[in-house]
Structures are given as C-alpha cells and as structure tokens.
Student: 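Below is the structure I would like to discuss, written out as structure tokens.
Nothing here was measured: the structure is a model prediction, and the numbers come from that model.
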Amino acid sequence: MKNLTFLFLVLIVFNTAFIQAQEERYFEHTIDSKVFGEARTVRVFIPERYLENPEQEFSAVYVLDSQSDQFWEMASGNIDYLVYQSQVIPMITIGIVSESRGFDFNPKNDELSRHFKEEVFPLIKEKYRVNGHNIVIGHSWGGAYIGNTIFNEYRDLFDAYIGISPSFDAIGGVIPRQADSVLSTRPQIKKFLYATSGDMGYREEESLYGIQQMDSIFKRYPNPTLWWQHEVIENTGHWTCVIPSINNGLVALSRVYSADKKVFEDMAANEYLSIADQYPIFKKAKTKNFGFFYEPSFGYIRHVADDFRDQERYEPAKDLYLMSIARGNDDVVTYFNLAQTYENLDNAAKAKSLYDKCLILVEEQKDRRSENFYTNFKAAIVERIEALK
C-alpha cells in the first residue's frame with residue numbers, strides 16, 4: 001500500500017511539473033481595445049527553440065480564428081513541431097480571438113487591421129523577441145481577410161499571407177477587383193501569398209473559384225516581388241485540408257525566406273555552379289524581391305551536409321561543411337566529417353591538415369563530451385592521420 005501511495009505521489013509531481021512546463025510556453029493577454037471598444041484576447045505559444053536560444057529573434061505567425069480551442073491547439077502544435085524539427089524558419093505563434101468573426105474579417109471593415117497595428121503588434125514587440133517579420137494564416141472567412149489585406153492600404157502589416165479555403169470571392173468579388181487595381185500599377189509589393197482548397201464539397205468549389213480568379217489576375221500582371229502559389233489538397237474538404245495547408249504553406253514560405261534541404265538539393269543538381277557559388281546569388285535575390293532573409297543555423301547546414309556525405313555526394317557536402325564552419329561551427333565532429341569528405345574527394349593533403357586540426361579541437365573540447373567519446377574519437381583521428389602518411 002505504501003508503495004502505491006508513493007507511486008501516486010510521484011505521478012502527481014510529474015504531471016504537475018509537465019503542466020507547469022507547458023504553461024510556461026502558453027500565454028494569454030487581454031487588450032482593452034480602443035479600436036473595438038471592448039476587451040480582446042491574444043494567445044501566444046512559444047516553441048522550445050525560443051527558450052533554448054535566448055538571444056535569437058523570431059518571426060511571428062498570427063493565426064486567425066483562435067477563439068476555437070481546437071483550431072488554436074492544432075495550429076500551434078503543428079507549428080511547434082515544424083520549428084522544433086527545423087523544417088521552417090523560427091517563429092512564435094500568436095492566436096487572434098475573434099468572437100465576432102463575421103464583422104472582423106469582412107472586407108468592408110478595417111477594425112481588425114487597426115487592432116493589429118495599434119494594439120497587438122506593440123504588445124508582441126514589448127513582450128517577445130520578434131524580428132518584425134510577420135505572417136498571417138486565415139481559414140475560410142478568415143481567408144477573405146487575407147485576400148483583402150494584402151491588396152489594401154494595410155498590406156504592410158504582414159510579409160506573408162496564407163489563405164486556407166479562402167473566401168476570395170466574398171462581397172461580390174471586391175477582393176479580385178482590388179487585386180487587379182493594385183497589380184496593374186506594377187508595384188514593388190514584396191509579399192508571399194499562398195492559398196489552398198480541398199477538392200470535396202461546395203465550399204471548396206467556391207474557394208477554388210475565387211483562387212482561380214486571383215490566379216488569372218496574377219498571370220495578367222506578373223510581378224517578381226509577389227510570390228504566389230495555389231494548391232489543391234486532394235481528397236480533402238473544408239476542414240480536412242487545414243492541417244496539410246498549414247504545413248505546406250509554412251514550408252513553402254520558408255523556402256522563399258531561407259534555404260532548406262530542398263533548396264540545397266536544387267543547388268546541388270546544378271551542373272555548372274557549386275552551392276558555394278549559388279548561395280550568395282540566391283540570398284541576394286530573395287532579399288531584394290521579398291525584403292527578408294533568414295540565415296539557416298550552422299547546425300542545420302551541418303545536418304544537411306551530413307545527409308549529402310551519407311549519400312556519397314561529396315562536393316555539395318564539402319561546400320556545406322565549409323559554410324557551417326564559416327558561420328562559427330567549431331565542433332570537432334564537423335571538422336572530422338569534412339576531413340573524411342576531402343579524403344573521398346582524393347585530396348589527402350587537405351584531409352590530413354583537417355585531421356591535425358581535429359587533434360587540437362578534441363583536446364580543447366574535451367569538457368564538452370564524455371570521457372568515452374574523447375578516448376574513442378581521438379583514437380579515430382589518430383588512425384586516419386596514420387593512414388594518410
């Protein structure tokens with residue numbers, strides 16, 4: 001009986017600690033909104049990487065319709081996973097609660113945009129480490145807000161817009177007319193716009209019709225500073241297309257504002273230019289056209305380099321290891337992997353010089369690793385040096 005009581009107490013302590021850890025990442029703020037003349041709630045979720053990197057600033061993704069607990073928890077959980085796995089640029093998730101969503105998202109009204117500008121953004125800037133790069137996600141009627149805002153006077157509230165089953169044809173087609181009027185002047189818009197629909201049900205037929213209208217306008221006025229993609233999520237309806245749309249939209253966004261494995265794969269496929277040659281060109285073009293670029297961490301670049309090396313694709317691996325080191329990666333394993341890569345490129349002299357560097361680093365970094373790692377890794381370095389003599 002005593003053992004059962006002890007186990008019960010342990011479980012209580014564990015569960016309490018787990019709940020507290022979760023609560024430290026979820027926050028709610030109440031704004032006494034002058035714009036709406038009432039109290040408004042803003043929800044915030046910060047990913048683990050935010051806590052692990054106290055100096056880093058994060059993009060902010062604003063999720064409309066977060067008055068729904070299920071929608072908010074689904075969106076923030078998915079985004080947390082993508083950030084943790086380094087599949088998207090680092091971002092915190094902010095939920096916008098709209099109990100009167102019919103009014104808030106209506107293209108005829110500007111209160112929500114004023115609420116963002118005058119009340120929400122100052123709050124988030126004051127309390128969280130954000131870099132000013134703003135993303136907004138809206139589903140269904142929230143998608144009408146997306147389509148309206150990117151082509152009205154509030155377009156610079158956000159850098160990136162993701163519309164899921166968006167009501168682009170709302171209010172008698174005001175959004176396509178507005179887009180046509182703006183884009184016909186060939187502006188430097190510097191925005192990302194991604195829209196999806198499912199392929200089942202009348203709501204998705206309506207969404208796809210509005211998306212196709214917008215697509216025809218974008219083709220009429222091609223603009224290199226507006227990144228546009230639309231996607232039909234097969235075998236989904238108005239609700240089941242939400243999760244893949246968030247995932248696909250944020251991954252596509254991250255390839256516009258940064259470089260991930262797919263971007264490096266595309267560079268590696270170039271027969272004429274190395275990754276080292278292409279990356280500065282890529283970065284310059286993205287910064288010029290879209291006004292923002294996130295440099296991937298040296299740890300992520302090293303991870304991609306390891307993938308190339310494991311696939312015996314040594315030239316791109318070499319370029320990425322060197323890029324990782326140039327960003328400040330001094331880890332002995334990175335240098336060792338680069339040395340092995342040079343060996344496989346038949347450059348024994350360069351490999352040996354790097355193994356010599358590894359001998360110095362493994363001593364300097366002895367306290368970072370276990371004694372077993374130090375002993376075995378040092379032996380592996382010495383073995384490679386002897387083999388190259």
Side-chain angles (χ1 to χ4, degrees), residues 53 84-90 251 254-287 293-389:
N53 301 281
Y84 184 78
Q85 298 295 340
S86 299
Q87 298 306 299
V88 297
I89 61 176
V251 169
S254 296
R255 288 172 183 163
V256 168
Y257 292 113
S258 187
D260 71 350
K261 181 66 158 58
K262 175 63 166 60
V263 171
F264 289 126
E265 285 279 2
D266 291 344
M267 291 181 182
N270 189 316
E271 297 178 4
Y272 305 102
L273 294 174
S274 68
I275 290 178
D277 293 328
Q278 293 176 75
Y279 183 80
I281 299 170
F282 173 85
K283 175 183 174 181
K284 184 178 180 180
K286 295 297 185 181
T287 304
F293 189 81
Y294 169 74
E295 293 277 8
S297 69
F298 62 66
Y300 178 78
I301 294 171
R302 177 261 175 95
H303 168 74
V304 178
D306 288 344
D307 272 353
F308 280 121
R309 184 202 58 170
D310 292 343
Q311 294 174 320
E312 299 182 359
R313 299 163 70 186
Y314 298 115
E315 280 292 345
K318 177 201 71 178
D319 285 350
L320 290 172
Y321 282 131
L322 290 171
M323 188 186 297
S324 179
I325 289 168
R327 300 284 174 78
N329 186 354
D330 68 345
D331 187 74
V332 65
V333 177
T334 302
Y335 277 86
F336 185 86
N337 291 350
L338 176 58
Q340 284 190 319
T341 300
Y342 273 113
E343 270 199 84
N344 284 291
L345 289 170
D346 296 323
N347 191 336
K350 187 65 177 177
K352 184 177 182 307
S353 70
L354 284 164
Y355 286 129
D356 290 339
K357 172 75 172 177
C358 287
L359 271 183
I360 298 170
L361 290 175
V362 77
E363 295 295 339
E364 292 177 348
Q365 298 170 14
K366 185 176 180 179
D367 293 340
R368 297 187 195 176
R369 307 281 188 168
S370 67
E371 184 176 342
N372 187 55
F373 173 89
Y374 166 76
T375 302
N376 292 334
F377 203 75
K378 184 175 181 179
I381 297 168
V382 171
E383 179 183 340
R384 295 315 311 150
I385 291 172
E386 291 297 320
L388 291 173
K389 285 183 177 177

Student: Would you compute the distance between atom CG of Asn337 and atom CG of Asp306 and round it to the nearest 0.5 angstrom?
Tutor: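 The distance works out to 5.0 Å.
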Student: Could you pull out the closest heavy-atom pair between Pro316 and Ala268, with the gap in Å?
Tutor: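 Nearest pair, atom of Pro316 first, then Ala268: CB-CB, 4.0 Å.
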Student: Output yes when a side-chain donor or acceptor of Ser258 lies under 3.5 Å from a complementary backbone atom of Tyr294, and no otherwise.
Tutor: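 Indeed, once roles are kept as given, a pair shorter than 3.5 Å links the two residues.
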Student: Are Tyr335 and Asn329 packed together at the side-chain level, in the sense that at least one heavy-atom pair is separated by less than 4.5 angstrom?
Tutor: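 No. Closest side-chain heavy atoms not under 4.5 Å.
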Student: When you look at Phe373 and Val333, which way does the side chain to side chain contact (heavy atoms under 4.5 Å, CB included) test go after all the steps?
Tutor: CA-CA 11 Å; Phe373 173 89; Val333 177; 3.9 Å; yes
Student: Out of curiosity, Lys357 NZ to Leu354 CG, how far, rounded to the nearest 0.5 Å?
Tutor: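 So the NZ of Lys357 and the CG of Leu354 are separated by 9.5 Å.
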Student: Look up atom CZ in Arg309 and atom OG1 in Thr341, then write down how far apart they are to the nearest 0.5 Å.
Tutor: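 Output value for this atom pair is 6.5 Å.
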Student: If I compare all heavy atoms of Ser324 with all of Arg302, which pair ends up nearest, and what's the gap?
Tutor: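 For Ser324 versus Arg302, the nearest heavy atoms are OG-CB, 3.6 Å.
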Student: Can you classify the ring geometry of Phe293 versus Phe282 as parallel (below 30°), tilted (30 to 60°) or perpendicular (above 60°)?
Tutor: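 Ring orientation, 0 to 90° scale: perpendicular.
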Student: Any salt bridge linking Glu265 with Lys262? Criterion: basic side-chain nitrogen under 4.0 Å from a carboxylate oxygen.
Tutor: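 No, no charged N to carboxylate O under 4.0 Å.
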Student: Between OG1 of Thr334 and CG of Leu361, what distance do you get to the nearest 0.5 Å?
Tutor: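 Here the rounded value is 9.5 Å.
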Student: Can you check whether Asp331's main-chain N or O pairs, donor with acceptor, with Arg368's side chain at less than 3.5 Å?
Tutor: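 No, Arg368 side chain to Asp331 backbone: no donor-acceptor pair under 3.5 Å.
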Student: Report yes or no: is the cationic atom of Lys261 (NZ for Lys, CZ for Arg) under 6.0 Å from the centre of the six-membered ring of Phe308, at an angle within 45° of the ring normal?
Tutor: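 Ring-cation test returns yes.
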Student: For the side chain to side chain donor-acceptor pair (under 3.5 Å) test, which of Gln365, Arg369, Glu363 pairs with Tyr374?
Tutor: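 Passing option: Glu363.
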Student: Applying salt bridge (Lys or Arg N to Asp or Glu O under 4.0 Å) as the test, list every pair that has at least one member in residues 272-284; sequence neighbours left out.
Tutor: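 The answer is Lys283-Glu295.
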Student: Would you check if the distance from the ring center of Phe336 to the ring center of Tyr355 is below 6.0 Å?
Tutor: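 Aromatic pair counts; centres sit under 6.0 Å.
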Student: Look up atom CG in Leu338 and atom CG in Leu322, then write down how far apart they are to the nearest 0.5 Å.
Tutor: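 Separation between the atoms: 5.0 Å.
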Student: Would one find more than 12 heavy atoms of other residues, nucleotides or ligands at under 6.0 Å from atom CD of Glu312?
Tutor: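 At most 12 heavy atoms, drawn from other residues, nucleotides or ligands, come within 6.0 Å of this atom.
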Student: Using a 4.5 Å cut-off on heavy atoms from C-beta on, say whether the side chain of Leu388 contacts that of Glu343.
Tutor: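 Counting from C-beta outward, Glu343 and Leu388 do come under 4.5 Å.
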Student: Could you grab the distance from atom CD1 of Ile325 to atom CD1 of Ile301, nearest 0.5 Å is fine?
Tutor: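 So the CD1 of Ile325 and the CD1 of Ile301 are separated by 11.0 Å.
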Student: If you compare all heavy atoms of Arg255 against all heavy atoms of Asp260, which two are closest, and at what distance to 0.1 Å?
Tutor: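 It is NE-OD2, 2.7 Å.
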Student: Tell me the closest heavy-atom pair linking Val88 and Val251, and the distance in Å.
Tutor: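 Looking at all heavy atoms of both residues, the shortest contact is CG1-N, 4.0 Å.
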Student: Determine yes or no for a side-chain-to-main-chain donor-acceptor pair under 3.5 angstrom, with Ser353 supplying the side chain and Lys350 the backbone.
Tutor: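 Yes; judged by distance alone, with no hydrogens or angles, the pair exists.
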Student: Does any part of the side chain of Met267, heavy atoms only, come nearer than 4.5 Å to the side chain of Asn270, both counted from C-beta?
Tutor: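 No, their side chains stay 4.5 Å or more apart.
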Student: Closest heavy-atom contact between Val332 and Val362?
Tutor: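 Scanning both residues, the minimum pair turns out to be CG2-N, 4.0 Å.
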Student: Provide the closest heavy-atom pair for Asp319 versus Ser274 in the form atom of the first, atom of the second, distance.
Tutor: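 Heavy-atom minimum between the residues: OD2-CB, 3.3 Å.
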Student: So His303 and Tyr300, would you call those rings parallel, tilted or perpendicular, with 30° and 60° as cut-offs?
Tutor: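 Tilted.
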